[in-house]
Structures are given as C-alpha cells and as structure tokens.
Amino acid sequence: MLHAKYNDEHLNISLRNKSFNQQRRQILQSVGVFFAAHSVSLSAEVLNQGAPTNSEKTTLAAFVDVLIPKDRFTGSATDLQVDAQLWSLAESSEKLRQLLAAGCEWLNQTGGPPFSELKYKQQYKLVAWMAESDWENVPRLFYEIVRSSAMRFYFAQPAAWEGLAIDRPPQPLGYSPPWH
Amino acid sequence: MALANPDVIIIGAGAGGAATAWRLVSKGLNVLILEAGGRFDPQADYKLDQPDWERHAFPEKKNSQGAVSIAELGPLNSDYVDLASWSQTRGKLAREGKRKPSGPGYWHVQGVGGSTLHYVGEAHRLNPASMRLQTEFGVGYDWPVEYAELEPYYLEVEKLIGVAGPTEQGERWRSAPFPLPAHPLSTSAQALVQAGQQLGMQWQANSRAALSQPYDNRPPCNYCGNCSKGCPISDKGSADVTFIRHAEASGRLTIKTHCPVVGFELSDNGDITAVSFIEQGQKQRLSATSVVLAAGAIQTPALLLNASQPGAKEGLANGSGQVGKNFMETLVWNSTGIVSDLSNTHMGLPADAICWDFNRPDAIEGVVGGCRLTSATREIGFTGPIAYASRAVGGFGRKMKQQMRQSFGKALSVGAIGEFLPNPDSYVDLDRSQKNSLGLYSPQIHSSLGEQELRRLRFMAEKSRALLKQAGAELVEEFTTYDHFSATHVFGTCRMGTDPLKSVVNAYGQSHDHANLFITDASVFPSTGGGEAPSLTIQALALRTADYIVSLKTT
C-alpha cells in the first residue's frame with residue numbers, strides 16, 4: 001500500500017535520481033577513509049587523469065572479473081557493469097581516479113604481457129599477492145578500495161542474488177514469521 | 001494558536017522535545033517548537049524497497065546533521081589490545097595505535113523526530129539501582145528522582161508509542177503490562193536464548209517500540225530488520241509518528257523547521273525573555289512564559305555555552321560550572337560469527353532478545369556499572385549481501401562467491417552496551433577556532449575511557465565471545481569502542497541534581513539559575529544506566545517536566 005512494487009526498472013530510476021548522489025557520496029566517504037588511514041604516494045604520471053584510456057578500461061574490467069568471476073549461478077562483475085560504475089564513481093573523486101590509474105599502471109608493469117592478457121591462474125596469483133601486500137602501497141590500497149566498491153555495486157543488483165537466501169528488498173513485504 | 005505568543009517554546013523536536021510538546025498541548029497550552037532540521041517523509045525518504053537498500057544509510061537531508069567536532073581521542077591503552085576491532089575482510093580496523101571516530105563518531109539526526117528516526121526502538125526503563133550509584137556504590141552521581149516517581153510516566157509513554165514486551169522485567173517493576181505482546185524471536189535470537197541457557201544466562205524478548213499488532217492507526221511491524229535506516233511503514237514508535245502526530249492534531253502545536261536557535265535574552269531576574277533563531281536567513285525573536293531546551297546532550301550544552309552574556313558570563317544555566325561536564329558516551333561491544341546451522345538471520349526485528357543478567361551496577365566482579373547483551377545481527381547491519389561481502393566473507397573469486405552462498409543468512413551477532421562513568425577528561429566544550437555559519441562556536445566532544453570502562457568492555461567481550469562459541473559460531477568481526485568513538489547514546493552534560501553548586505537543573509529539569517528554563521533531553525541524566533536505551537527515560541522525564549511547567553502556570 002505504501003510502496004510501488006519492486007521491479008528492475010526501479011534500479012535504473014534510482015541511479016538517475018538524486019538518491020544516487022547520496023550513495024555516491026557514501027561510497028566516496030569510505031574511499032576517503034581509506035586514503036586518510038593509509039598514506040600512499042602516487043607518481044606524477046598518474047596525477048591529473050581525465051577519461052579512462054582503453055588500456056585502463058580493459059585492465060580494470062579484467063581485474064574486477066578476477067574479483068567476481070562468472071559461475072553457474074551468477075554473472076561476472078563486468079556482466080553487471082561494475083567496472084562502468086567504478087569509472088562513473090571516479091568522475092566524482094580525483095583521488096579515486098588517481099588510484100585507479102596507479103593500480104592499472106601497476107598491474108600492467110609486472111614485466112610480462114598486460115594484466116588482461118594473462119592467463120586466469122596468473123591473474124589470480126597476482127591479485128592474491130596484492131591482497132596480502134603492504135597496506136601503505138598502491139597494490140593493497142587498489143585491491144581493498146576496488147574490492148570494497150565492487151562488492152557494493154555488484155551485490156546491490158538482484159541478478160547477483162541467485163543462490164543466496166534473498167530474492168527481494170526488505171520492503172514493502174518484509175519477512176513474515178516463521179523464519180526457519 | 002497565536003504564534004507570536006506561545007506559552008512555551010521548545011528547542012528541538014526529538015525524543016524529549018516531542019514528548020514535552022505532546023504533554024503541554026494535552027493540558028491546553030500553546031506550544032512552538034523551533035527545530036534546526038526538517039521533516040522526513042517515511043515513504044519517500046527511506047529506501048528499503050529498492051534493491052540497493054544496503055547502500056542507503058539513514059538519509060542525510062538539509063540541516064539533518066548538527067555541526068560538531070571530536071577532539072583527539074588519544075592513544076590506545078596497550079593493556080587491552082585484545083579488545084581491538086577487526087573484520088574478516090579488513091583485518092584490524094584501527095591500525096594507527098590511537099582511538100578514532102567511527103564515521104561521524106556522534107550518530108544523530110536533526111529533524112522532526114530527532115534521533116528516534118534512526119533508532120532501533122528499544123524501549124527500556126532504567127534499572128532503579130543505577131539511579132543510586134553514589135549512595136549504593138560510591139561512584140558517579142545519584143538521580144534526584146526515584147524509579148517509583150517515574151513509573152507512571154514510563155507507563156504513559158509506553159502506551160502512547162505502543163511498546164511490545166514481556167511483563168516480567170525483574171528489578172524494573174511494572175504496575176501494568178506492556179500495551180502490546182512481545183514480538184516473536186528471530187532465528188538468531190533463538191540461538192542466543194539456547195546458548196545462554198547452556199551458559200546459565202537468562203535471555204528474554206526485548207521490550208520494543210515497534211508494533212506487534214495494529215495500534216493507534218499504525219500497522220504492525222513486518223520484520224524487515226532495518227529499523228535504523230528509517231521505518232517506511234511507521235510501526236516504529238519514533239517521535240514523529242507518535243508524540244508529534246498527536247500533538248499536531250490538537251491544533252495547539254506549531255513546528256518551525258529549519259529554524260536553528262542562535263541566542264537567548266535574559267531579564268535582570270535571570271528569566272529568559274526571548275529566544276532568537278534564524279528563519280530563511282533572517283534573525284527572528286520570540287518570547288514565551290517558559291523555554292524548554294531539548295537539543296540533545298551535545299547541542300544543548302553548546303547552545304548554553306554560546307549564550308554567555310552579562311548575568312551569565314560562563315554561559316546560561318552554568319552557575320555550577322557543570323554545563324558540558326560529565327559527558328558520558330555509549331560503551332559498545334559487538335561480536336559476530338557465522339553459524340552453519342542457522343538460516344534467515346537477516347529476517348526479524350533487530351535487538352529482539354536481551355539478557356539483563358549483568359545489568360545491575362554490581363553485577364560485574366571488580367567493576368562498578370553493569371551492561372546488557374542483545375541479539376544484534378540486524379541491528380549492526382547483517383541484513384543483506386553487501387554486508388556479508390564487505391565484512392564477513394573475505395577474499396575474492398569463485399571461492400568468495402561460494403562462501404557467500406554458504407554464509408548468507410547465518411550471521412549471529414551479540415551486542416553489548418555498558419555503563420559509562422563520568423570522568424574529568426570526557427566533556428563537551430566549544431571549538432573556539434572559528435564560528436560556524438550560524439555565528440556560533442560548534443560543540444567539541446572530548447572522550448576518554450577510564451579503567452572501569454576498559455574492564456567492563458573486556459567483560460562484555462568475554463561474554464559475547466562465550467555465547468558465540470557456545471552457539472557454534474566462527475568469528476568474523478568484532479567492533480568495539482575501545483578503539484573507536486561511536487556514540488548513539490550521549491548523556492550527562494547538564495546533569496540534574498539537588499545542589500545548585502554541583503548540578504545544572506533540578507529534579508524537574510528546571511535550571512537552578514533561570515526559573516523559566518527547562519531541559520528535557522539526556523543531558524540531564526546523572527548516570528547512563530547499565531546499557532539501557534535512553535529514549536523511554538528521556539520521554540518519561542519530559543512528561544514529568546511538562547506537568548511541572550503546567551503546575552507553575554496554574555499556580
């Protein structure tokens with residue numbers, strides 16, 4: 001009675017309206033907390049970045065798909081436009097934009113082919129190393145911030161919920177007992 | 001009503017201000033509320049019907065946050081490193097070796113309804129023993145009011161907002177049952193009841209300002225589990241849909257929103273003769289017979305300290321020098337684990353079960369001041385997949401996705417809140433480095449944990465961990481105010497008492513210095529209690545103060 005019934009279009013609307021600005025702000029606040037807590041030095045080459053290059057787009061897409069790959073239940077991060085949402089978010093934060101640039105640059109300077117052209121096992125090993133690396137350096141900071149943001153974008157979509165014990169938002173129906 | 005000449009001006013439309021207004025208009029007085037924030041629309045503002053609801057915190061709107069700063073919180077006490085916050089995904093949450101604010105640190109809402117808009121809605125009476133800390137236990141301060149005097153007011157508040165709970169409340173004796181039956185227990189609450197029984201603890205349904213049946217033209221709770229993001233169906237007993245709704249229906253209440261108060265005028269005899277405020281960029285002033293300050297334990301002392309003037313050089317109501325002193329915060333412990341046998345713990349009412357066993361001031365050996373334990377899974381946000389992926393399930397790749405499916409709906413959290421004793425290093429003063437946009441100095445919070453608080457926290461941690469272990473949980477996150485300042489309940493900065501040299505207001509919330517100035521928020525609390533949620537006591541005290549104001553007008 002109080003709410004429009006949920007449908008997929010609802011998400012698209014919410015992304016366009018002002019509530020999205022608040023969500024962006026909240027995600028960017030969490031990015032800001034990371035930067036405040038961990039001093040990281042970025043090289044001059046990654047400052048003053050504009051729109052992402054094709055190389056950056058390809059690299060970030062490959063990276064988030066290692067974080068969240070496709071499996072038999074649900075699609076990959078890029079299937080759900082997580083990479084595009086990250087680039088959109090970076091338009092609101094120079095710091096995030098710089099970190100994405102630095103992270104992509106680092107991923108492609110490991111001495112071999114670009115990250116996106118590595119075999120999955122090689123990509124996985126590299127990301128696993130990043131996840132355990134020093135908090136004060138770009139690889140770990142990039143991993144943590146991109147992972148955190150990617151999870152927020154990915155799991156905010158019903159297409160990511162297959163296999164989880166949830167199939168709709170909490171309202172308007174709520175959850176009637178019993179709950180076993 | 002004649003707006004230019006209200007009987008009473010109330011500053012703040014939160015728990016205390018709303019209850020005061022309702023009582024005063026019920027007695028036939030005309031009331032004006034000056035509210036710094038605006039109104040929230042439950043259906044439009046709370047986004048729980050959207051698939052990305054987890055990414056929406058309680059909404060920030062124009063003027064919904066008061067200006068406040070937090071002073072350096074100091075280094076962590078290395079004797080208590082076992083209390084550090086951590087999560088499965090992020091490791092240690094405070095790596096800098098010093099205590100830091102969590103988010104804004106002081107979690108509050110300015111607006112019609114105040115912080116009841118984002119509260120979970122626990123409806124607790126204070127343990128009578130916690131009101132006699134000095135006399136019985138030699139610490140802190142006594143309340144100048146006894147539980148027996150508050151009991152009928154508690155009943156009235158519970159009836160108005162529609163509290164659901166079990167009649168048996170131990171030391172919090174009741175002269176009548178709650179108006180509504182207790183809510184059913186969630187799967188997570190049932191797990192804690194069972195684990196508690198095995199450990200010799202008694203758990204019971206929590207008393208909750210959420211409707212278990214239709215009541216007062218409001219629908220029953222549908223157990224979505226997200227009270228703190230705002231209740232879109234209005235079954236939660238926040239002040240806007242209870243006290244304010246009824247008070248406005250009387251026709252004797254006017255609320256001016258987005259009207260922050262900036263000053264007070266005094267007569268030679270010390271009475272408040274006018275209140276000045278900003279309305280649409282213009283400074284206005286209004287007078288009333290009585291003025292009630294109900295802006296919360298941070299902004300209330302700030303307004304008083306900002307109002308220093310001839311006749312009140314140290315600020316209004318501050319003849320004792322106690323305004324801003326005795327700041328008491330929320331002492332919090334949360335432990336969360338994954339229990340493979342559980343399911344659907346994201347469903348049900350938050351904080352639906354409680355254990356009062358350690359609530360008395362002498363319940364914890366070697367420490368004065370108790371605590372309570374609650375079922376906290378939904379209260380701390382394990383209500384959707386983003387929370388699990390961000391806090392409980394680490395790593396990445398297909399293994400992460402598989403673990404998400406194995407873990408979702410199985411989080412079990414124990415929350416503990418404990419007594420906070422006043423100490424000289426915890427207080428609220430003014431940040432005099434610069435004035436804010438209103439031309440006032442903003443409040444600055446100073447916080448320090450005493451040895452008693454740290455020892456109490458350790459007890460809370462041990463009990464929480466023991467419960468989770470008994471329930472078969474694998475720990476994934478612990479959050480504590482040992483290394484974070486994270487206060488929702490704040491108290492004590494305008495303490496009530498009988499001695500004008502040692503307290504700010506008397507037992508009726510009346511300023512010792514200004515006969516027509518009253519305070520009806522948690523700043524008047526002499527003690528915090530052993531973890532009880534304060535809103536019910538704020539509102540019971542507010543009704544009592546309102547009755548006193550009416551009696552003064554009558555006589």
Side-chain angles (χ1 to χ4, degrees), chain A residues 1-6 8 10-11 13-15 19-20 22-23 25-27 29-30 33 37-38 66-71 73-74 124 127-128 131 135 143-144 147-148 150-158 160-166 168-180, chain B residues 42-43 46-57 59-60 89-91 94-96 100 103 183-188 190 219 221-226 229 232-234 343-348 383-390 393-398 400-402 404-405 408-410:
Chain A
M1 106 190 124
L2 300 174
H3 304 274
K5 186 173 168 58
Y6 160 70
D8 286 341
H10 216 119
L11 172 64
I13 293 168
S14 77
L15 292 177
S19 74
F20 186 55
Q22 186 175 349
Q23 294 169 44
R25 195 164 61 245
Q26 286 164 0
I27 292 179
Q29 280 172 354
S30 68
V33 169
H38 309 287
V66 175
L67 294 179
I68 309 174
K70 181 177 181 177
D71 66 6
F73 288 102
T74 52
Y124 190 94
V127 176
W135 275 94
Y143 169 82
E144 294 291 346
R147 182 193 184 279
S148 170
M151 296 300 170
R152 286 169 183 265
F153 286 127
Y154 184 79
F155 284 109
Q157 302 180 59
W161 300 348
E162 183 70 32
L164 301 177
I166 187 169
R168 55 181 165 79
Q171 292 288 359
L173 299 178
Y175 306 115
S176 298
W179 298 298
H180 285 289
Chain B
Q43 294 174 42
Y46 309 146
K47 310 291 186 184
L48 294 170
D49 58 345
Q50 297 184 7
D52 58 348
W53 88 92
E54 281 189 278
R55 285 168 39 189
H56 297 273
E60 279 186 30
T89 56
R90 300 265 310 278
R95 293 187 182 80
E96 302 83 9
K100 62 180 187 178
H183 289 273
L185 295 183
S186 62
T187 56
S188 54
Q190 291 178 40
C221 176
N222 65 10
Y223 303 111
C224 83
N226 285 276
K229 290 179 184 291
I233 65 173
S234 299
S343 60
N344 296 331
T345 65
H346 56 297
M347 301 176 179
T383 59
I386 292 176
Y388 279 76
S390 303
V393 177
F396 61 93
R398 291 192 180 89
M400 181 276 295
K401 293 179 84 171
Q402 187 180 359
M404 277 289 292
R405 292 176 191 124
F408 186 78
K410 300 177 185 300

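Per chain, numbering begins at 1; letters A, B, ... match sequence-line order.
The heavy-atom pair separating A/Tyr154 from B/Lys401 by the smallest distance is OH-NZ, 3.2 Å. The shortest heavy-atom contact between B/Pro51 and A/Trp161 is O-CZ2, 3.4 Å. Nearest heavy atom pair, residue B/Asn344 against residue A/His180, reads ND2-C, 4.3 Å. Closest approach of B/Pro184 to A/Pro177, counting heavy atoms only: CG-CG, 4.2 Å. The two atoms that bring B/Gln50 and A/Pro169 nearest to each other are O-CB, 3.5 Å, heavy atoms only.
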Report task. Determine, step by step, whether A/Arg147 and B/Thr89 satisfy the side-chain contact (heavy atoms from CB on, under 4.5 Å) criterion, reporting the C-alpha distance in whole Å, the side-chain angles of both residues, the deciding distance to 0.1 Å, and the verdict. Result -> CA-CA 10 Å; A/Arg147 182 193 184 279; B/Thr89 56; 4.1 Å; yes
Requested in this report: I would like to know whether B/Val393 and A/Met151 meet side-chain contact (heavy atoms from CB on, under 4.5 Å); could you show each step before the answer?
Outcome: CA-CA 11 Å; B/Val393 177; A/Met151 296 300 170; over 6 Å; no
Query raised in the report: Would B/Met404 and A/Phe155 count as a side-chain contact (heavy atoms from CB on, under 4.5 Å) if you check the C-alpha gap in whole Å, the side-chain angles of each, and the deciding distance to 0.1 Å?
Result: CA-CA 11 Å; B/Met404 277 289 292; A/Phe155 284 109; 3.8 Å; yes
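Of all the listed residues (A/Ala131, A/Pro178, A/Pro69, A/Gly163), the one sharing the greatest number of non-hydrogen pairs under 4.5 Å with chain B is A/Pro69. Of the listed residues (B/Gly348, B/Gly395, B/Gly394), the one with the most heavy-atom contacts under 4.5 Å to chain A is B/Gly395. Here B/Pro385 is the residue among B/Pro385, B/Gly409, B/Ser186, B/Gly103 with the most heavy-atom pairs under 4.5 Å with chain A.
When side chains are defined from C-beta on, A/Gln171 does not count as touching B/Asn226, because their heavy atoms never get closer than 4.5 Å. In this structure the side chain of A/Ile68 reaches within 4.5 angstrom of the side chain of B/Met400, judged on heavy atoms. Put simply, the side chain of B/Phe396 reaches to within 4.5 Å of the side chain of A/Tyr143, judged on heavy atoms. Using a 4.5 Å heavy-atom cutoff, the side chains of A/Pro170 and B/Thr383 are not in contact. Taking 4.5 Å as the limit, every side-chain heavy atom of B/Gln190 sits out of range of all side-chain heavy atoms of A/Trp179.
Contact annotation for A/Ala150: neither backbone nor side-chain heavy atoms come within less than 4.5 Å of a heavy atom of chain B.
No donor-acceptor pair closer than 3.5 Å links the side chain of A/Arg152 to the backbone N or O of B/Ala387. A donor-acceptor pair under 3.5 Å is absent between the side-chain atoms of A/Arg168 and the main chain of B/Asp49, judged by distance alone.
Using a 30° and 60° split on the angle between ring planes, A/Tyr175 and B/His346 fall in the perpendicular class, above 60°.
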